[in-house]
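Since we're looking at a predicted model, the values are computed, not measured.
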Amino acid sequence: MTQKQILIIDDDTDLSLILSDMLESYGYGVTCAADSEQAFELLADSVFHLILLDINLPGTTGFELCRELRRASTVPVIFASARTSETDRITGFDLGGDDYLPKPYSMKELLSRVNALMRRTYGFHQEEQIVTFGNVSVNITARSVLKNNIPVSLSLREFDLLAYLCEHPNAALPKERLLQEVWGAFSMVEASTLTVHIRWLREKLEDNPAEPRYIKTVWGIGYLLETGGQHET
């Protein structure tokens, strides 16, 4: 299982650091933003699996940020706020929030909410997640790739793209979804960048990149990883 990444958006930097230390000690990767501008910059460059979002932010509100986010992404959002009225809670859910945690809260309760939402959204794999197709073996857990039992060197983005294809085998994945999930919800990356990365993966993994057996183009939609029924161990 690849490390799940959490984005904390809160102008209370001391609290964010405390939360980061706690969540990182339980195996999560954590990044912090103090305002919406910084948050959108991070969302443009990175992929996050969960967002912990305060409502009262400098220059805007968490509600407005969530509304913008939901136009491009379905990433789970937990509102965490000192605003505890029923109206605020309903607004948070109506805008696409997945949970609402009133401040002050205990670290134990926050961790429980985060773990539960991660399980509901992604599931937990207790053992190594390995996907095999043809003579290629992708160890998503260890972030390693073998072809004919020889290690294949991939860039970080190439591996992230391959891992996402492996996690959705034999499914036609739209280009827009791949760009959103691999490059980030607010990334300005062009579709041509995805095309180039697909070509690089084919050159490294396919026996005949010009006639790919596994990483296939689905015309008018995007790409598909055909595993031939082979999947995880």
Side-chain angles (χ1 to χ4, degrees), residues 1-126 160 163-164 167-168 177 180-187:
M1 181 179 64
T2 53
Q3 186 184 48
K4 294 292 186 284
Q5 299 295 320
I6 296 174
L7 175 61
I8 298 174
I9 308 173
D10 196 316
D11 61 343
D12 186 338
T13 54
D14 290 337
L15 174 62
S16 294
L17 287 174
I18 293 170
L19 295 177
S20 295
D21 289 342
M22 185 273 293
L23 291 168
E24 287 174 349
S25 72
Y26 283 91
Y28 293 110
V30 183
T31 304
C32 299
D35 54 44
S36 60
E37 183 177 352
Q38 187 180 7
F40 282 125
E41 289 176 357
L42 289 166
L43 287 163
D45 294 331
S46 304
V47 173
F48 296 96
H49 300 94
L50 184 146
I51 295 176
L52 184 63
L53 177 59
D54 189 20
I55 294 176
N56 295 321
L57 295 171
T60 186
T61 68
F63 291 148
E64 293 168 352
L65 195 155
C66 187
R67 183 183 290 111
E68 280 297 311
L69 180 67
R70 281 293 175 256
R71 293 175 180 171
S73 175
T74 59
V75 60
V77 172
I78 298 178
F79 282 106
S81 176
R83 293 168 56 167
T84 59
S85 72
E86 182 181 35
T87 299
D88 285 329
R89 292 170 67 88
I90 291 172
T91 299
F93 287 119
D94 284 347
L95 290 174
D98 298 275
D99 202 349
Y100 197 109
L101 190 59
K103 291 181 178 179
Y105 50 78
S106 70
M107 296 295 104
K108 184 177 180 180
E109 181 177 11
L110 173 65
L111 180 63
S112 177
R113 301 282 189 102
V114 168
N115 287 341
L117 189 50
M118 287 287 193
R119 281 196 301 271
R120 289 201 302 271
T121 307
Y122 307 105
F124 278 163
H125 298 276
Q126 300 300 324
D160 288 343
Y164 194 80
E167 289 168 348
H168 303 82
R177 179 176 169 188
Q180 172 184 312
E181 297 295 339
V182 177
W183 275 267
F186 292 91
S187 174

Before you tell me yes or no, could you show the steps for D160 and W183 under side-chain contact (heavy atoms from CB on, under 4.5 Å), namely the whole-Å CA-CA distance, both residues' side-chain angles and the distance that decides it to 0.1 Å?
CA-CA 9 Å; D160 288 343; W183 275 267; over 6 Å; no
Is any side-chain heavy atom of V114 closer than 4.5 Å to one of Y28?
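Heavy-atom side-chain distance check passes, below 4.5 Å.
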Keeping the roles fixed (side chain from [X], backbone from [Y]), state whether a donor-acceptor pair exists under 3.5 Å.
X: Y105; Y: A80; value: no
X: S112; Y: K108; value: no
X: R119; Y: Y122; value: no
X: T121; Y: L117; value: yes

Can you name the side-chain hydrogen bond (donor to acceptor under 3.5 Å, both in side chains) partners of [X], sequence neighbours left out?
X: Q180; answer: none
X: Y100; answer: none
X: E109; answer: R113

If I take atom [atom1] from residue [X] and atom [atom2] from residue [Y], how far apart are they, to the nearest 0.5 angstrom?
X: T31; Y: I9; atom1: OG1; atom2: CD1; result: 10.5 Å
X: E24; Y: L19; atom1: CD; atom2: CG; result: 10.5 Å
X: L53; Y: L65; atom1: CG; atom2: CG; result: 5.5 Å
X: L7; Y: S16; atom1: CG; atom2: OG; result: 9.5 Å
X: L23; Y: N115; atom1: CG; atom2: CG; result: 8.5 Å
X: L15; Y: L52; atom1: CG; atom2: CG; result: 8.0 Å

Residues R120, D99: salt bridge by 4.0 Å N-O rule
no
SB check D94 R70 (cutoff 4.0 Å):
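Not counted as a salt bridge, because no side-chain N and carboxylate O are separated by less than 4.0 Å.
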Pairs meeting criterion salt bridge (Lys or Arg N to Asp or Glu O under 4.0 Å) with involvement of residues 57-67, two or more places apart
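Checked against salt bridge (Lys or Arg N to Asp or Glu O under 4.0 Å) - neighbours excluded - no pair reaches residues 57-67.
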Does anything in residues 72-93 form a salt bridge (Lys or Arg N to Asp or Glu O under 4.0 Å)? List the pairs, not counting sequence neighbours.
R83-D88
Minimal non-hydrogen separation, L57 against D11, with atom names
CD2-N, 4.1 Å
Looking only at non-hydrogen atoms, find the nearest pair between S81 and T84 and report the distance.
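Scanning both residues, the minimum pair turns out to be O-CG2, 4.1 Å.
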Starting from the C-alpha separation in whole Å, work towards a yes-or-no answer on salt bridge (charged side-chain N to carboxylate O under 4.0 Å, His left out) for D12 and K103.
CA-CA 12 Å; D12 186 338; K103 291 181 178 179; 5.5 Å; no
From the list L110, L17, V30, side chain to side chain contact (heavy atoms under 4.5 Å, CB included) with M22 holds only for L110
Salt bridge (Lys or Arg N to Asp or Glu O under 4.0 Å) involving E41 - partner list, sequence neighbours excluded:
none
Between F79 and F63, is the gap from one ring center to the other below 6.0 Å?
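Yes - the distance between ring centres of F79 and F63 falls below the 6.0 Å cut-off.
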Atom CD of Q38 with >12 non-hydrogen neighbours under 6.0 angstrom:
yes
